[in-house]
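Just so we're clear, the structure is a prediction, and the values are computed from it rather than from any experiment.
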Amino acid sequence: MLRYLLAATATLAAPAAADPVHDATQKAMPELMTFYRDFHANPELSLHEVKSAAKLAAEARKAGFEVTEKVGGTGVVAVLRNGPGPVLLIRADMDGLPVTEDTGLPFASKVRATTEEGQETGVMHACGHDTHMASWIGTLRNLSAMKAQWKGTVVMVAQPAEERGMGARMMLDDGLYTRFPKPQFAIAFHDSASQPAGQIGITPGYALANVDSVDILVKGVGGHGAYPQTTKDPVVLAARIVGALQTLVSREIDPQQSAVVTVGSIHGGSKHNIIGSEVAMQLTVRSFTPEVRKQLLDGIARIAKGEAIAAGMPEDRMPVVTVKDEFTPSTFNTQPLSNRLTQLFTTRFGKDRVATTPAVMGGEDFSRYWLADQSIQSTIFWVGGVPTAKWEAAQASKAPLPSLHSAFWAPDAEAVVGTATEAMTAAALDILKR
């Protein structure tokens, strides 16, 4: 009892109270950090996570799991059966991002690759999936060694292509819920660039947003820049569309609903004195509910066509609006499991290290595991990664911190991996307790 009282008063930097789960995790940390540094130095882009998947599969086999590779592409499913009881799914994602690293870490990624669009780029674990994979290994090792403390089935999922919103769907389409034990519970974590290292954040209900990628091809009639009256300028039309799109959120969506429409890319023209014939625009669109999502997507199509009509564009030169097949549905944390984990983590780590966090407009395709069967209890939680010194300095100066997907994002990986491995292990032991 004294140990748990000590845990309840722990500071953000202090470890959880000593107990078998904490002790086993701490003993494994040197090797887990070796895995982390290896994953960090050798990232792979979405759909190309071949080496990462092989490493995870090998570790799961060593721990006694039944392992199936190449599920939904490069996905790995590792199953450990331990008698009758609930089925728990634990997921980690594997893919890196097309970002050239600028952290200065001694094990920084020097990997370069070519994207599907033909662009050569650096590759980096700028979203922390390297910490996710290291914690996945730590968790499965703990659960294998602690079989006497739980009963049921653990399904460890190493998922590809989270960054493209495709991996979970691909694994489900490849029979994740039919070829393998179907879960009653699903948990995952994500490192956080907006919480201090070692803090846990849980958001009951909607936690992350619907994410849509939308392309708009704005057509025009090109010609000489000195004679604009002979043309239909797609650059001017694109500018009108960008301006009008701002009214979707500010004037059409209920102010009590969350929504984002961001024009992230716009390209058109080739030279100073030439009016081109096309402008390509790329948008990210965020929402929580299906109703707001539909309102935004319908509004984008309406505005693009309406502005083209107002500009006198002929019918055969109307903008082409394409909603790309990269949709990530909003993530919903079920209340019973979220509350259960909040209480469990507060008891284990102390109230100063567990917080109820607001929903964010980022996306996570972990959502699909619950959407595929809404009888499942499902929660994804955050584990803070901002190094303590940087967190304190930022709080004092109000200076911005690097975000996820930044070339400068370098979490306190030891705090993330240690906290996440202990939290995931404790959650599994609680859900599957004898």
> Hey, are N142 and T425 close enough side-chain-wise for a donor-acceptor pair under 3.5 Å?
yes

> By the salt bridge (Lys or Arg N to Asp or Glu O under 4.0 Å) test, which pairs, at least two apart or in different chains, include something from residues 131-145?
E31-R141, E59-R141

> Using a 3.5 Å distance criterion without hydrogens, assess whether the side chain of T203 forms a donor-acceptor pair with backbone atoms of T357.
yes

> Can the ring centroids of F288 and F332 be said to lie less than 6.0 angstrom from one another?
no

> Run the numbers on R353 and T419 for side-chain hydrogen bond (donor to acceptor under 3.5 Å, both in side chains), then give the verdict.
CA-CA 10 Å; R353 287 183 62 186; T419 301; 3.0 Å; yes

> Is there a donor-acceptor pair under 3.5 Å between the side chain of N333 and the backbone N or O of S338?
no

> Is the ring centre of F366 less than 6.0 Å from the ring centre of Y369?
yes

> Given the side-chain rings of F189 and W382, with only the six-membered ring counted for Trp, is the space between their centroids under 6.0 Å?
no

> With no hydrogens and no angle check, just 3.5 Å: does a side-chain donor-acceptor pair link D365 and Q159?
yes

> What I want to find out is whether E116 reaches R164 closely enough, with some N-O distance under 4.0 Å, to be called a salt bridge.
yes

> Please lay out, stage by stage, how H40 and D130 fare under the test side-chain hydrogen bond (donor to acceptor under 3.5 Å, both in side chains).
CA-CA 6 Å; H40 186 89; D130 43 6; 2.6 Å; yes

> Could R286 and D212 be called an ion pair, given the rule that one side-chain N must be under 4.0 Å from one carboxylate O?
no

> For residues H267 and S265, is any side-chain donor paired with an opposing acceptor at under 3.5 Å?
yes

> Any salt bridge linking R169 with E326? Criterion: basic side-chain nitrogen under 4.0 Å from a carboxylate oxygen.
no

